[in-house]
S.K.: 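Okay, handing you the structure first.
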Amino acid sequence: MRAPLVNFRRLQVATPWPLVWTVTIAFLLVRLAVAVVRLGIWALRHWRAWPSVALVLVAVDVQQSRGWWPHLLVLLVLAAAGGVWFWRGRDSFHRLVVLRAVTVWRRLWVYRRQWHEAMTLCGLVKKYDGGEKVPDLLAVRCSYATDEVVLRMPRGQNPEAYHKAARDLAYSFGTRHCRVFSGRRQAPPVRSGRLAWLLRRVDAIRFRDRPRHVWLVFIRRDPLTRIVAPLPVPARPDFTALPLGLREDLAVYCLRLLATHVLVGGATRMGKGSVIWSLLRALAAGIRSGLVRVWAIDPKGGMELSIGRPLFSRYVDDDWTRMADMLDDAVTRMRARQRLLRGKVRVHTPTVDEPLIVIVIDEIAALLAYLPDSDIRNRIAQSLGLLLSQGAGLGVLVVAATQDPRKEVVSVRDLFPTRIALGLTERGHVDLLLGDGARDRGALADQIPLSAKGVAYVLLDGQPEPARVRFSYIADDVIRDMAATFPASPEMSPEPVESPAPVKPARSNGNGRHTYRPTPPRQASAPLLPPSLLNALDLNTTPNGGDPR
C-alpha cells in the first residue's frame, strides 16, 4: 500500500523528489540557453574583436612554445611593410591604419573611461527602480578633425535633451564644439552588380531607422579656420549637388539647387559674396554652354557683381525700373513655360532650348524695404512672390542675399526653402533665418567671428540639425578669369532696350502758326471732354487766319 502524500497524523509532507529534480534541471537548462544566446549576441556585436582575440591567443601559444624571437621577427616585418605602405599609399595608410588606431585609443581612454561620470554630470542619466539608466556607448569613429560617437538613449529621453547639453558634453570630453544629430549622417551606398539585390537587403537592415540612436560629433580641431581655395569647375554642373565649400568633417559641401530657392543671410563683410561666387563657379560650365542663364540684379550699384559681368545673360545695377522689368520678364517666361509643361512633367529639366534661369539678387532688402518709389517696390514684391511660389518646379530660381532677415524687411522670407546663415549680428536672427529652434540645435551663427568670413550654418537634406560649412573664397582675379573663360552665350530673346517715345508733329492752323492741343489720356472709352470743348481750345482763331483774340 502506497504511503499518503500528506501524513495528517504527524503533519509531515512527503517530498516528491522526481518532480523537484525535473523542475530544477529544466530551470537550469533554460538559464543555460539564455546565457548561450546572450553570449552569441554579444559575440556578434563585437565581431570586430575576433581577429584581435585570435591574434592574442596565437601570440601566447607561440611565446610558450618558441620564445620571444618570433614576435620580434613579426614586428620587424610589419614595420617594414607599414613603411612601404606609407611611402606608396599615404592616404589609404592614414585611413585604414592611423585613423583606426586613433579610434581605438579615444574610445577606450577618452570616452569609455569617463562615460558614466560625464553622462551623470551632464544630466543625461535617468533614475529607475532604485538604479540608473546610462546612455549606451555603441561606437566611435574618428576622422582627421572630428569624433563621431553613437549612443543609445535610455527610455524616457529624446534628442532635445542632448541638444541642450551639447556645450556641456563638448567641454566634458575636452573639446569646444559638439554637434548633435538625431538621424544617421551617412546615406546608404548605391549598389550595382550581380549581388546588388543581396547587398541592398543588407543595407536596408544596417541603415534602418533607429529613433533611439543619437550621433554626437565632437570637433577636435576646427578645419574651417583656413580659407578654402576655389574648387574645380565641374565639366557639367549637377544641379542636385553643386560643390561650394567644405564641411566640418572635411567633406565637400554640395548644394541642391534644382527646384529650390536660396536665401543667404549675413552681416556686412561676413562672406555673402563667397556664397554667390562659389555658386556661379559651380555653374560656370553650364553658363558657357547655355544650359544655365543667370540674370543678375545688384542694387548696390554694381559694387559686387559687375566684376563678373560676362557671366550674366542680363544684368542691371543702376535703374530701379529696369530691375522691375527684368522680374516681370521672368514671370512672363515662367508663365510661358507653365503652358508648355502643363500635364507633362512636374519638375523642369534644364536643356539648352529651355535653360535653367537663375536670378541672383545681391541685396534683396533694398528692393523690398528701402526702395523709395512705392509703385516700383510693389511691382517687385509682386513679381518676386510669384517667382518664389511657382518658379521652383519650372526652372526659374531666385538666389538672394540680405543683411537683415526680419519679416518686415524681407517680406518673402518664408518662400525660400533653402537658407544659409553666415555671421549674424543678433541672436534672434538665427531662428528668423533658419527656423525656430535652429540655434538650440547648434546653429551659433551669431558667434561666428569676423575673421571667419565665409563660415555658415546650412540645413542638409534629411537632417533637422544644421551643419557648419565654409564656402570657398573667390578672389577678384579668379572672378575675372572665370568670366573670361566661361562667358554667357547670347540670349535667345535679347533684353528689351528702352527707345524714346516718337515726337508727334505739331498741329497748324493753316497760316504757318502752330496751335496747342493737349494730348488726350489713353483710355478705351470716350474722351473726358466733349468735342465742343476740345474745339474751344483751338484759341478761337480768326476766319481770315489773323491773330487769335
Side-chain angles (χ1 to χ4, degrees), residues 2-7 10-66 70-71 74 100-101 103-120 124-142 148-158 162 184 188 195 197-216:
R2 181 176 298 178
L5 182 62
V6 180
N7 191 343
R10 297 184 179 181
L11 299 177
Q12 294 179 352
V13 180
T15 304
W17 291 109
L19 179 62
V20 172
W21 284 111
T22 302
V23 172
T24 303
I25 293 174
F27 176 77
L28 293 177
L29 289 177
V30 170
R31 296 296 296 178
L32 180 61
V34 171
V36 171
V37 171
R38 288 182 176 178
L39 180 61
I41 294 175
W42 181 87
L44 290 176
R45 288 182 176 178
H46 298 81
W47 61 271
R48 295 180 180 178
W50 293 359
S52 301
V53 174
L55 183 62
V56 170
L57 294 177
V58 171
V60 171
D61 182 70
V62 170
Q63 191 273 333
Q64 291 180 353
S65 60
R66 302 287 183 177
H71 298 287
V74 170
R100 293 196 176 187
T103 298
V104 173
W105 169 257
R106 292 189 65 83
R107 175 188 174 92
L108 296 177
W109 183 255
V110 176
Y111 297 105
R112 178 63 68 184
R113 183 176 62 91
Q114 51 188 356
W115 184 256
H116 188 280
E117 177 186 359
M119 293 295 109
T120 304
L124 299 174
V125 176
K126 306 289 288 186
K127 303 290 184 179
Y128 173 73
D129 197 16
E132 294 181 341
K133 297 295 183 180
V134 184
D136 296 329
L137 176 62
L138 301 180
V140 177
R141 300 182 185 89
C142 296
E148 180 180 316
V149 178
V150 186
L151 60 88
R152 183 191 295 113
M153 297 182 294
R155 290 180 174 85
Q157 278 188 348
N158 62 75
Y162 295 85
R184 186 181 295 274
L195 298 179
W197 62 273
L198 179 61
L199 296 177
R200 291 194 193 99
R201 285 175 170 77
V202 174
D203 292 338
I205 298 175
R206 288 180 55 205
F207 293 89
R208 68 182 183 275
D209 185 26
R210 300 175 183 268
R212 291 179 58 192
H213 286 195
V214 173
W215 285 258
L216 306 178

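Both backbone and side-chain heavy atoms feed into the values below; hydrogens, waters and symmetry mates do not. For this chain, numbers begin at 1 and follow the sequence in order.
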S.K.: CD of Glu148 to CH2 of Trp215: how many Å apart, nearest 0.5 Å?
M.R.: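 The CH2 atom of Trp215 is 8.0 Å from CD of Glu148, to the nearest 0.5 Å.
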S.K.: Any donor and acceptor pair, going by atom type alone, linking the side chain of Trp115 with main-chain N or O of Asp136 inside 3.5 Å?
M.R.: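 Judged by distance alone, no pair lies under 3.5 Å.
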S.K.: Can you list the residues that meet the side chain to side chain contact (heavy atoms under 4.5 Å, CB included) rule with Ile41, with sequence neighbours excluded?
M.R.: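 Counting only residues at least two positions away or on another chain, Ile41 forms a side chain to side chain contact (heavy atoms under 4.5 Å, CB included) with Val37, Arg45.
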S.K.: Can you list everything that forms a ring-ring contact (aromatic ring centres under 6.0 Å, His included) with His71? Sequence neighbours excluded, please.
M.R.: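 Counting only residues at least two positions away or on another chain, His71 forms a ring-ring contact (aromatic ring centres under 6.0 Å, His included) with Trp68.
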S.K.: Donor-acceptor pairs under 3.5 Å, side chain of residues 53-64 to any protein atom, not counting sequence neighbours: which ones?
M.R.:
none

S.K.: Name all residues meeting the salt bridge (Lys or Arg N to Asp or Glu O under 4.0 Å) criterion together with Glu132; count only those two or more places apart in sequence or in a different chain, and write none if there are none.
M.R.: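 Lys127.
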S.K.: How many angstroms lie between NE2 in His213 and CZ in Arg152, if you round to the nearest 0.5 Å?
M.R.: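 Between atom NE2 of His213 and atom CZ of Arg152 there are 4.5 Å.
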S.K.: According to side-chain hydrogen bond (donor to acceptor under 3.5 Å, both in side chains), does anything in residues 198-208 pair up with another residue at least two apart or in another chain? List the pairs.
M.R.: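 Qualifying pairs: Arg191-Asp203.
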S.K.: State, yes or no, whether a side-chain contact exists between Arg31 and Phe27 at a heavy-atom distance under 4.5 Å.
M.R.: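 A side-chain contact under 4.5 Å exists here.
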S.K.: Between CG of Leu151 and OH of Tyr162, what distance do you get to the nearest 0.5 Å?
M.R.: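 So the gap between those two atoms works out to 5.0 Å.
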S.K.: Please output the side-chain donor-acceptor pairs of residues 104-114 that fall under 3.5 Å, not counting sequence neighbours, one pair per line with the distance.
M.R.:
unit_1: Arg106; atom_1: NE; unit_2: Asp147; atom_2: OD2; d: 2.4
unit_1: Arg106; atom_1: NH2; unit_2: Asp147; atom_2: OD2; d: 3.0
unit_1: Arg107; atom_1: NH1; unit_2: Leu138; atom_2: O; d: 3.4
unit_1: Tyr111; atom_1: OH; unit_2: Asp147; atom_2: OD2; d: 2.8
unit_1: Arg112; atom_1: NH2; unit_2: Leu137; atom_2: O; d: 3.4
unit_1: Arg113; atom_1: NE; unit_2: Trp109; atom_2: O; d: 2.9
unit_1: Gln114; atom_1: NE2; unit_2: Val110; atom_2: O; d: 2.7

S.K.: What I'd like to find out is whether the side chain of Pro211 reaches to under 4.5 Å of the side chain of Asp209, using heavy atoms alone.
M.R.: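 A side-chain contact exists here, since the closest heavy-atom pair is under 4.5 Å.
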S.K.: Taking the side chain from Thr103 and the backbone from Arg141, do they hold a donor-acceptor pair closer than 3.5 Å?
M.R.: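 No, because the side chain of Thr103 does not come within donor-acceptor range (under 3.5 Å) of the backbone of Arg141.
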S.K.: Would Arg155 and Lys126 count as a side chain to side chain contact (heavy atoms under 4.5 Å, CB included) here? Give the steps.
M.R.: CA-CA 8 Å; Arg155 290 180 174 85; Lys126 306 289 288 186; over 6 Å; no
S.K.: Do Pro135 and Met119 come close enough that some side-chain heavy atom pair is under 4.5 Å?
M.R.: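 A side-chain contact exists here, since the closest heavy-atom pair is under 4.5 Å.
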S.K.: Any donor and acceptor pair, going by atom type alone, linking the side chain of Gln157 with main-chain N or O of Leu124 inside 3.5 Å?
M.R.: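 Here the side-chain-to-backbone pair exists.
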